[in-house]
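Step one of this worksheet: look at the structure below.
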Amino acid sequence: MPRLALYTFGVLKSPLADPALATREFYDIGEAVYRKISQQPGYLARAEAVDGDRGVLFEADWGAWGEFAVPAWYGKGRTVETTALATTLSLWTGLRPAFDAVYTGLHRGALNRRHDWFERAGHPTHVVWWVADGVTPTWQDGVRRLEHLHDHGSAPHGFTFAHSFTPEGTPTRS
């Protein structure tokens, strides 16, 4: 049975290490959102660094999720002190559970505040695609598909919730 991979990417207004109130709020809300999403029906797993260090992304061991990668348009820092991004990679049983987790509840409240924390971008902030059972998507997969989505729009290779496809590659009803 195919599973749904979800990759999200956003550029923060300030580095993760910034002690400013907005950054602390983002972190605090983020921790609660992760806990809540992991309890959602249809949630299977998310990429987590093996060592679990907060703020270490580029140097972390991500295990089966592969080497950490970011889209070409990310131009901020890559060290613990300068990294200014938020990204996730997760697996779901299907479109509806992933959509519900993103657009309801605690995560919806965080989305409503995204302009407090994130730069406005001319790039997509998420991409979804189907993977075969037993396949773990990698950070590189997510980046390639997000960049493809930006350049070519939704396709079975990578799409948005608004313009989605079935595992067989046919468009879903909007």
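Side chains are part of it too, since the values below use all heavy atoms of this structure and drop only hydrogens, waters and symmetry mates. Just so it is clear, the structure is predicted and the values come from calculations on it, not from any experiment. Note that the numbering runs from 1 along the sequence shown for the chain.
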Practice task
For T170 and E168, test the side chains for any donor-to-acceptor distance below 3.5 angstrom and give the result as yes or no.
Solution key: no

Exercise for the section: Could you tell me whether the side chain of T136 and the main chain of A64 form a donor-acceptor pair under 3.5 Å? Expected result: no

Exercise for the section: Answer with yes or no whether the hydrophobic clustering places V102 together with L106; edges join I, L, V, M, F, W, Y residues whose side-chain heavy atoms lie under 4.5 Å apart. Expected result: yes

Handout entry: Any donor-acceptor pair under 3.5 Å from T8 side chain to T88 backbone
Key = yes

Problem - NZ on K13 to CZ on F118, rounded to 0.5 Å - result: 10.5 Å

Exercise for the section: Using the rule that two of Ile, Leu, Val, Met, Phe, Trp, Tyr join whenever any of their side-chain heavy atoms come within less than 4.5 Å, decide whether L44 and L95 are in one cluster. Expected result: yes

Practice task
With sequence neighbours excluded, tell me which residues meet side chain to side chain donor-acceptor pair (under 3.5 Å) with E67.
Solution key: none

Exercise for the section: Determine, using ring centers only, whether F159 and W129 are less than 6.0 Å apart. Expected result: no

Exercise for the section: Give the minimum heavy-atom separation between P124 and L149, together with the two atoms involved. Expected result: CB-CD2, 3.7 Å

Problem - Sub-4.5 Å side-chain heavy-atom contact between T82 and K76 - result: no

Exercise for the section: Please name the pair of heavy atoms, one in P137 and one in A5, separated by the smallest distance, quoted to 0.1 Å. Expected result: CG-CB, 3.8 Å

Problem - E25 side chain reached by R113 side chain, heavy atoms, under 4.5 Å - result: yes

Handout entry: Note, P71 side chain near F9 side chain (heavy atom, < 4.5 Å)
Key = yes

Fill in the blank from the handout: d(Y43 OH, I37 CD1) to nearest 0.5 Å is 8.5 Å

Problem - Where G134 and R3 come nearest, the two heavy atoms and their spacing - result: N-NH2, 3.3 Å

Exercise for the section: Write down the atom of P97, the atom of P41, and the distance for their closest heavy-atom approach. Expected result: CB-O, 3.3 Å

Exercise for the section: Drop me the distance from Y74's OH to T83's OG1, to the nearest 0.5 angstrom. Expected result: 5.0 Å

Handout entry: Side chains of W130 and L4 in contact at under 4.5 Å (non-hydrogen atoms)
Key = yes

Problem - Expected output: side-chain T172 to main-chain S164 donor-acceptor under 3.5 Å - result: yes

Practice task
Answer yes or no: are there more than 12 heavy-atom neighbours, outside K36 itself, under 6.0 Å from its atom NZ?
Solution key: no

Handout entry: H107 NE2 to D100 CG distance, which is reported to the nearest 0.5 Å
Key = 13.0 Å

Exercise for the section: Without swapping roles, check the side chain of R145 against the backbone of V128 for a donor-acceptor pair under 3.5 Å. Expected result: no

Exercise for the section: Could you state whether F58 and L146 fall into the same hydrophobic cluster, counting links through intermediate Ile, Leu, Val, Met, Phe, Trp or Tyr residues with side-chain heavy atoms under 4.5 angstrom apart? Expected result: yes

Fill in the blank from the handout: Rounded to the nearest 0.5 Å, the CG atom of L16 sits from the CZ atom of F26 at a distance of 7.0 Å

Exercise for the section: Examine W139 and V131 and state if one hydrophobic cluster contains both, with Ile, Leu, Val, Met, Phe, Trp and Tyr joined whenever side-chain heavy atoms are less than 4.5 Å apart. Expected result: yes

Exercise for the section: Could you tell me whether a side-chain N or O of D141 sits under 3.5 Å from a main-chain N or O of T138, the two making a donor and an acceptor? Expected result: yes

Exercise for the section: Answer yes or no: is there a side-chain heavy-atom contact under 4.5 Å between W62 and L57? Expected result: yes

Practice task
Using the rule that two of Ile, Leu, Val, Met, Phe, Trp, Tyr join whenever any of their side-chain heavy atoms come within less than 4.5 Å, decide whether Y34 and F99 are in one cluster.
Solution key: no

Handout entry: R46 CZ to L6 CG distance, which is reported to the nearest 0.5 Å
Key = 12.0 Å

Exercise for the section: Please examine the side chains of V70 and R78, heavy atoms only from C-beta on, and report whether any two atoms are closer than 4.5 Å. Expected result: yes

Problem - Residue pair E48 / W65, side-chain heavy-atom distance below 4.5 Å - result: no

Handout entry: N112 side chain reached by R108 side chain, heavy atoms, under 4.5 Å
Key = yes

